[in-house]
Structure formats: C-alpha cells, structure tokens
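I have placed the structure first, in the form of structure tokens, so that the comments after it can refer back to it.
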Amino acid sequence: MNNILEKANYCASCVIKPCQIGCPFNNDITSFIKDIKNKDYQHAYEVLSETTVLPAICGRVCPYDKQCQGACVKRVSYDAVSIGELETFLGDLSIENNWMIPKKDSSNRKEKVAIIGGGPAGLVCAAFLAKNGVHPTIYEKHNYLGGILYHGIPDFRLPKDILKKTIDKILDLGVEVKLNQELGRDITLDYLEKEYDAVFLGIGGNISLQMHIPGENLKGVFGGNELLENKIHPEYRGKTVIVSGGGNVAMDVSRTVKRLGAEHVYVIYRRGEKEMPATKEEIADAKKDGVEFLFQHNILNIEGTTQVTGVEVIKTELVQKEGESRLSPVNIEGSNYHIPCDYVMMAIGSTVEESVVGTLELERTARGKIKIDSEGRTSNEKIFAGGDLTNTPGTVAFAGRSGRDAAYAILEYLEKKSDN
Ligand SMILES: Cc1cc2nc3c(=O)[nH]c(=O)nc-3n(C[C@H](O)[C@H](O)[C@H](O)COP(=O)(O)OP(=O)(O)OC[C@H]3O[C@@H](n4cnc5c(N)ncnc54)[C@H](O)[C@@H]3O)c2cc1C
C-alpha cells in the first residue's frame with residue numbers, strides 16, 4: 001500500500017490534465033489519483049466508474065506509453081506517473097471488496113437493446129446502457145464472454161479470474177446474456193431489428209490478414225488470430241516456428257508458442273525494433289521468454305511441397321519516402337537466404353468476417369469495416385456499431401470507448417423515439 005501511495009503522490013495533479021486527454025476512455029485520472037492520495041479508495045473507484053467499467057483490465061493491458069502515460073507532463077524530464085498500476089490497484093480492490101459499479105438511473109425503463117458480441121466493445125456498451133436503466137441482452141457466438149480479452153490475450157498477461165470478475169460486475173448491472181448465439185447462423189439482423197428497440201454490433205475483426213506470397217496455403221501455415229482464438233495448436237516440441245509481424249498478436253503468438261515448447265521461435269519484422277507497434281514491455285517480455293527477433297527482414301516465400309519446410313527471407317533497409325510518416329522497408333537485392341522451419345504464423349494484422357459482415361447491408365469503409373459516425377451510428381438509424389468491426393483504433397480501451405459512445409447515442413435515439 002505504501003508503494004501505491006508513493007506512486008499516487010508522485011502525480012503533480014496538473015490542472016490541464018493531459019493524461020485524461022491521452023486516455024481513450026477520457027478517465028479523470030488526476031481526480032482518482034487525488035482520492036488515492038487521500039486514501040478514499042472507494043470514491044476513487046466511483047470516479048473511474050463514471051467513464052469506464054474495465055479498470056482491472058485496462059490497467060494491465062493498455063499501451064499506456066502511447067496513451068495516458070505518454071501524455072504525462074512528468075515524462076518530459078522524469079518517468080511518467082504509473083497510471084496503469086494505480087488503475088489496476090483500484091480495479092483489483094473493487095473486485096476484492098465487491099464494490100458495485102454505480103448506476104446512474106435506477107428506474108426500470110422498458111426499452112430493450114440487443115448487443116451482438118461479448119468483447120470489450122459489446123460489454124462496455126451493455127454496461128453503460130444498463131447503468132442508465134435500459135435492458136441490454138448480449139448475444140455471443142462462443143460459450144464465454146470477453147472476446148479477445150478471453151481468447152486472444154494470454155493468461156500470463158491478463159489472468160482469467162480477473163477478467164471473469166470484471167465481467168460479473170458488468171452483468172450485475174442487469175445485463176442478460178445469450179451464449180452460443182452466432183449472428184448469421186443462429187440469429188439474423190432482421191430478427192433483432194424486429195425484437196429490439198436498437199441493436200449494437202460489436203463482433204470484432206479477428207480474421208488474420210494474409211501476406212499474399214507463394215506457399216501461404218501449405219500445411220503448417222496458420223493465422224495468428226485464429227490460432228489463439230480456436231486453440232488449434234500443433235505439437236511444437238523440437239520445432240522451429242516463424243512468426244510474421246510486429247504487434248500485439250505477433251508478441252502473444254510467439255510467447256504462447258514458445259511456452260508450449262517450441263525450440264526456436266523467430267519473429268520476422270520488416271522494420272526495426274524501434275518501429276515495432278508492440279510495446280517495449282511486450283518486446284522485452286518476449287525476449288525473456290526466449291523469442292528471437294529478425295528485424296529488418298521480409299518473408300518472400302514459404303517453402304515446401306505439401307507441408308512447410310522453410311522460408312526464404314530478404315533483408316531490408318529503411319528509407320524515408322516522400323509523404324510517408326514512417327520509414328519504409330525496402331528489400332536489399334541479393335540479401336536473400338533460407339531459414340528451415342516447421343510452422344509459419346501470420347500476425348501482420350486482421351480484418352472482419354466477410355461471410356457475416358457482407359450480409360448486413362450496412363455502409364462499409366474502403367477497408368471493408370462497418371462505417372460509423374463519431375458516436376457509433378451506422379447507415380441504419382436503428383443499428384449502432386463499435387470496436388474492431390469499425391474503424392476504431394484496435395486497442396481494448398478504444399473498443400470500450402466506442403461501446404460507451406454508442407450507448408449514449410442509443411440512449412439519445414431511444415429518447416427521440418419516445419418523444420415521437
Ligand atoms: C492476440 C491479441 C492481443 C491483443 N493485445 C492487446 C493489448 O495488450 N492491449 C490492447 O489494448 N489491445 C490488444 N489487442 C486488441 C484488442 O484486444 C481489440 O482491439 C479489442 O478486443 C476489440 O474489441 P471488440 O469488442 O471490438 O472485439 P473482440 O474482442 O474481438 O470481441 C468480439 C466478440 O464478438 C464475438 N463474435 C464474433 N462474431 C460473432 C457473431 N457472428 N455472432 C455473435 N458473436 C460474435 C466474438 O466471439 C467476441 O466475443 C489485442 C488483440 C489481439 C488479437
């Protein structure tokens with residue numbers, strides 16, 4: 001506890017609150033830290049609950065250096081305030097003490113909203129609707145809630161019991177759940193539009209992108225997202241595994257595979273370590289787990305006849321191209337070489353499930369995502385969307401924020417409808 005008070009006292013309680021602007025949820029960070037300084041922990045939790053219902057989760061998995069801590073004024077000359085740790089402390093304390101998420105409106109409204117997908121976007125949308133007295137029902141295709149929090153982010157980064165207890169708190173607000181219900185298989189959007197006053201779509205986008213290189217259809221090539229979601233791991237002991245990519249998914253896939261016994265795991269990334277989208281901590285943790293990195297390398301070819309036997313790689317140099325904000329990797333002619341391997345995991349990005357999204361008759365973005373306005377409205381006034389299904393930046397906090405924004409837009413839509 002002394003350690004936590006020390007960390008809270010380190011905060012300068014700035015009046016301009018840049019950390020709050022840096023936080024996707026717009027949490028009032030200086031105020032909850034002030035409450036921690038005064039040891040008024042329950043009030044600190046209530047301040048946080050105004051804007052988020054995921055403190056024990058975001059405190060553990062947010063890329064703070066790019067969000068709240070990245071904006072901390074202390075960071076200019078010293079280390080940033082440990083906002084993530086302080087948020088985790090409050091989230092865990094609320095679980096230990098069984099503090100309820102405060103409701104804003106306890107009146108029992110009649111409106112019902114269907115939420116499709118039980119990941120962070122859907123869970124937060126449901127929570128903010130229930131906090132305001134509306135009845136949300138989550139339809140989830142798996143037999144568990146959490147989405148990528150459950151099946152993507154490994155237990156060694158986000159313990160399952162913390163996730164379960166955080167979800168239980170949300171359900172305690174009065175959220176109904178229907179598991180094993182897949183949009184496009186068990187339910188249709190038409191049915192939901194008829195049965196509910198509004199619908200929120202939060203079905204994510206967890207389909208691995210392909211590199212479109214020769215050999216990608218060989219046995220032994222896996223999409224990293226599907227590998228984690230469906231736990232379709234082959235036997236790794238004594239094997240060499242190549243992971244292509246440089247973000248969260250590449251780190252979680254490589255660490256999981258290494259922990260499952262692979263002899264060598266090489267992460268191949270086109271740019272340098274500094275340019276990797278994964279956080280410094282994730283890269284350091286992967287190295288500690290024994291994952292090896294080949295920076296400034298590109299995969300040209302996956303080799304084998306039916307089963308993967310290796311990859312042909314080429315080294316890259318980084319050049320500043322006109323009009324580009326990031327350095328671009330350019331293959332260095334003649335630097336190709338072969339690496340024998342048993343499996344190749346694609347972790348270069350992800351997209352939406354076309355077989356479902358293509359049937360929804362909603363406007364799409366150029367990248368195939370569901371188009372929304374800044375508050376989660378789609379091209380159909382009764383349907384709202386958020387998270388990875390849309391253009392929202394792909395982090396837990398941004399997905400949650402989009403769910404909360406959509407909840408407020410839904411409330412506004414329901415008010416207008418009841419006035420007419
Ligand atoms: C491996 C991995 C690690 C990551 N690590 C981090 C991290 O450390 N920090 C961070 O901030 N972000 C991280 N991210 C990104 C973050 O997890 C996502 O941006 C976020 O989970 C998106 O939330 P969502 O609710 O939109 O989608 P999801 O979390 O994918 O949830 C979608 C839900 O919808 C359900 N669903 C899908 N299709 C249907 C259907 N047809 N019918 C009904 N239900 C359906 C799914 O089963 C799932 O429960 C990571 C992503 C991955 C893949």
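Source: prediction; values computed, not measured. Start at 1 and go down the list; that is how both ligands and their atoms are numbered.
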* **Geometric class of the Tyr236/Tyr343 ring pair [parallel <30°, tilted 30-60°, perpendicular >60°]** => perpendicular
* To do: Select all protein residues for which some heavy-atom-to-ligand 1 distance is less than 4.0 Å, and list them by chain and number.
  => Val61, Pro63, Ile116, Gly117, Gly118, Gly119, Pro120, Ala121, Tyr139, Glu140, Lys141, His142, Gly147, Ile148, Gly152, Ile153, Arg157, Gln181, Glu182, Leu183, Gly202, Ile203, Gly204, Asn206, Asn225, Leu228, Asn248, Val249, Asp252, Gly387, Asp388, Gly394, Thr395, Val396, Ala399
* To do: Go through the side-chain N and O atoms of Glu226 and Ser208 and say whether any donor and acceptor fall under 3.5 Å apart.
  => yes
* Interatomic distance, Asn98 atom CG to Lys165 atom NZ [nearest 0.5 angstrom] -> 10.0 Å
* Asked: Regarding Lys131 and the six-membered ring of Phe128, is the cationic atom NZ or CZ under 6.0 Å from the ring centre and inside 45° of its axis?
  -> yes
* To do: Please examine the side chains of Leu90 and Pro55, heavy atoms only from C-beta on, and report whether any two atoms are closer than 4.5 Å.
  => no
* Using a strict 4.0 Å threshold on nitrogen-to-oxygen distance, state whether Glu273 and Lys287 make a salt bridge. => yes
